[in-house]
Undergrad: 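Sharing a structure below in structure tokens format, with a few things to ask.
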Amino acid sequence: MEKIIEYIKSNESRYLDELKVLLAIPSISTLDANKPDIERCAAHLADHLKNIGMSQTKIFPTAGHPIVYSEWLGVPGRPTILIYGHYDVQPVDPLDLWTSPPFKGTVRGGNLYARGASDDKGQVFIHLKSIESFMKNGGSLPVNIKMIIEGEEEIGSEHLEIFVNDNKKLLSADLVLISDTSMFAKGIPSVCYGLRGLSYMQINLVGPGKDLHSGSFGGSVHNPIQALSEMIAQLHDKNGRVTIPHFYDSVRPISKKERDSYRKLPWNDKKYAAELGVKALYGEKGYSTIERLWARPTLECNGIWGGFTGEGAKTVLPSRASAKLSMRLVPDQKADRIAKLFERHMRKIAPKTVTITLQNLHGGEPAITPIDSPGVRAAVAALEKGFGKKPLYQRDGGSIPIVVQFKQLLGLDSVLLGFGLPDENSHAPNEFLNMENFYGGIRTSAHFYNELPNYMKKRKKR
Ligand code: BES
Ligand code: MN
Ligand code: MN
């Protein structure tokens with residue numbers, strides 16, 4: 001391993017330059033205009049995988065964006081890791097808030113700034129460089145590796161689910177390894193064992209059949225923006241709880257053991273509030289901030305629109321109003337069930353004065369993975385070696401819907417080995433990846449590949 005770690009060290013600046021090339025491709029999955037960039041990004045990754053010595057690499061087209069598959073199965077009898085990541089990124093607007101261009105990787109203060117730097121191209125690249133470091137030093141890996149890098153994670157992984165279902169044999173492995181989450185904090189590595197799910201809805205209200213003069217008609221009809229606001233305002237009670245009937249029915253209570261472990265984590269609400277620029281924190285009464293973030297469900301309004309929002313004033317009583325609302329889910333809530341409860345409740349509280357339509361935009365199931373598996377134990381050992389510090393166990397508030405499908409379709413648990421930071425601006429302007437985490441991530445991944453066979457063997461002996 002010494003040789004590998006040394007090789008990583010002496011190639012750091014080249015690795016960084018190569019990552020910048022990947023980050024320069026604007027592979028935004030949600031925008032039709034960027035479809036050619038999506039294709040180009042998949043091709044670029046496939047080329048790169050061939051160059052670092054993977055034995056088979058193939059781009060699988062889908063009805064949506066292509067999936068890059070690659071494998072190296074040179075050590076039969078050793079464990080096989082299925083590495084998952086995504087090459088698609090979120091849109092970059094508002095562009096004027098970026099300090100440097102989003103698709104030009106720029107180093108400032110030890111961080112590499114670019115869209116996708118952390119979510120998830122940078123973290124995918126960590127594995128490519130870790131693989132390369134072995135291949136360039138003996139032409140072999142300590143484990144077999146299969147890899148899928150998809151282009152639709154940020155839009156719900158619709159076609160990946162079909163792909164996984166159709167290719168169970170191709171994807172057979174001992175465990176899934178995912179680097180698409182965050183460490184607890186800078187200098188505090190962690191293994192993640194839980195993710196929230198998601199149910200994403202849109203609601204549209206129509207009041208009068210056309211926009212009206214607010215003087216001639218105001219006072220005679222219910223403004224749909226007002227009606228929508230009244231509905232949304234009812235969705236939380238004074239304790240910050242979601243008011244949708246049965247919303248909490250299948251929420252798994254947080255065990256005493258988990259609560260105790262959360263309490264021991266280094267956390268400061270005041271500092272957290274200051275970092276976010278809020279005057280005070282808000283959330284469900286009776287739970288700590290960490291509990292609310294990781295182990296309790298929420299409902300958020302992501303956007304609301306209608307009427308006149310241009311420059312100056314226009315006295316209009318609008319015909320329509322809409323909002324996008326999403327709910328983060330925890331075990332054992334089910335996305336479909338929650339979507340139904342939401343729809344039923346919105347229909348019930350909608351005033352007679354408006355017509356409503358609802359759209360279920362997408363969803364994903366919450367996940368919790370075992371923390372005593374050989375994979376997690378290997379990850380703990382690898383993080384300790386890669387970052388020189390024992391990692392914490394944590395959950396995270398975000399969602400990676402495919403994690404549950406890997407379990408259901410392939411029977412595989414995922415090891416969530418994330419190298420991002422909670423404040424790295426993912427999905428927002430000025431996304432970055434801390435460079436220490438980039439290099440530490442490459443070292444840690446290398447240690448993980450190297451350690452895993454030891455932990456798998458130990459289990460088999462018992
Ligand atoms: N990498 C994130 C998920 C994530 C974020 C995990 C923060 C842990 C901490 C992923 O790319 C993502 O953004 N997922 C979406 C899922 C969705 C579009 C179905 C999310 O969480 O909003
Ligand atoms: Mn991601
Ligand atoms: Mn994301």
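Atoms within each ligand, like the ligands themselves, are counted from 1 in listed order. Count residues from 1 along the sequence.
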Undergrad: Is the F419 ring parallel, tilted or perpendicular to the H127 ring (thresholds 30°, 60°)?
TA: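 If you compare the ring of F419 with that of H127, the planes turn out tilted.
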Undergrad: Quick check on the Mn ion (ligand 3): does H427 put an N/O/S atom closer than 2.8 Å to it?
TA: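 Checking H427: at least one N, O or S atom is under 2.8 Å.
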Undergrad: With a heavy-atom distance limit of 4.0 Å, tell me whether D180 approaches ligand 1 through its side chain, its backbone, both, or neither.
TA: both
Undergrad: What N, O or S atom of D119 is found closest to the Mn ion (ligand 3)?
TA: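 Going through the N, O and S atoms of D119 one by one, OD2 ends up nearest to the Mn ion (ligand 3).
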Undergrad: Looking at H86, pick out the N, O or S atom nearest to the Mn ion (ligand 2) and give its name.
TA: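 Within H86, restricted to N, O or S, the Mn ion (ligand 2) is closest to atom NE2.
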Undergrad: As a check for students: among E153, H362, Q123, identify the option with a heavy atom nearest to atom 10 (C) of ligand 1.
TA: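 Nearest option to atom 10 (C) of ligand 1, by heavy atoms: E153.
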Undergrad: Counting from 1, what ligand 1 atoms have a heavy atom of H86 closer than 4.0 Å?
TA: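 Result: 11 (O).
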Undergrad: Among E258, K264, R259, which one satisfies side chain to side chain donor-acceptor pair (under 3.5 Å) with Y262?
TA: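 Going through E258, K264, R259 one by one, the side chain to side chain donor-acceptor pair (under 3.5 Å) with Y262 is satisfied by E258 alone.
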Undergrad: Among all protein heavy atoms in this structure, tell me which lies nearest to atom 18 (C) of ligand 1, with the distance rounded to 0.1 Å.
TA: E154 O, 3.5 Å
Undergrad: What part of P401, side chain from CB on, backbone N/CA/C/O, both or neither, has a heavy atom under 4.0 Å from ligand 1?
TA: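 Side chain only.
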Undergrad: What atoms of ligand 1 come within less than 4.0 Å of a heavy atom belonging to D396?
TA: 8 (C), 9 (C)
Undergrad: Have N204 and T357 got a donor and an acceptor in their side chains that come within less than 3.5 Å?
TA: yes
Undergrad: At what distance is the nearest protein heavy atom to atom 22 (O) of ligand 1, and which residue and atom is it?
TA: R328 NH2, 2.8 Å
Undergrad: Less than 3.5 Å between some nitrogen or oxygen of H427 and one of ligand 1, yes or no?
TA: yes
Undergrad: Among L23, V92, I25, find the one that has a side-chain contact (heavy atoms from CB on, under 4.5 Å) with F103.
TA: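 Passing option: V92.
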Undergrad: On the 0 to 90° scale, with breaks at 30° and 60°, tag the W294-F184 ring pair as parallel, tilted or perpendicular.
TA: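 Judged by the thresholds at 30° and 60°, the geometry between W294 and F184 is perpendicular.
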Undergrad: Could you identify the single nearest non-hydrogen protein atom to atom 3 (C) of ligand 1 and state the distance to 0.1 Å?
TA: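 Here the nearest protein heavy atom works out to S399 O, 3.4 Å.
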Undergrad: Closer than 4.0 Å to some heavy atom of T181 - which atoms of ligand 1 meet that?
TA: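 Checking each atom against T181, I get 6 (C), 8 (C).
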Undergrad: With respect to the Mn ion (ligand 3), what is the nearest N, O or S atom of E154?
TA: OE2
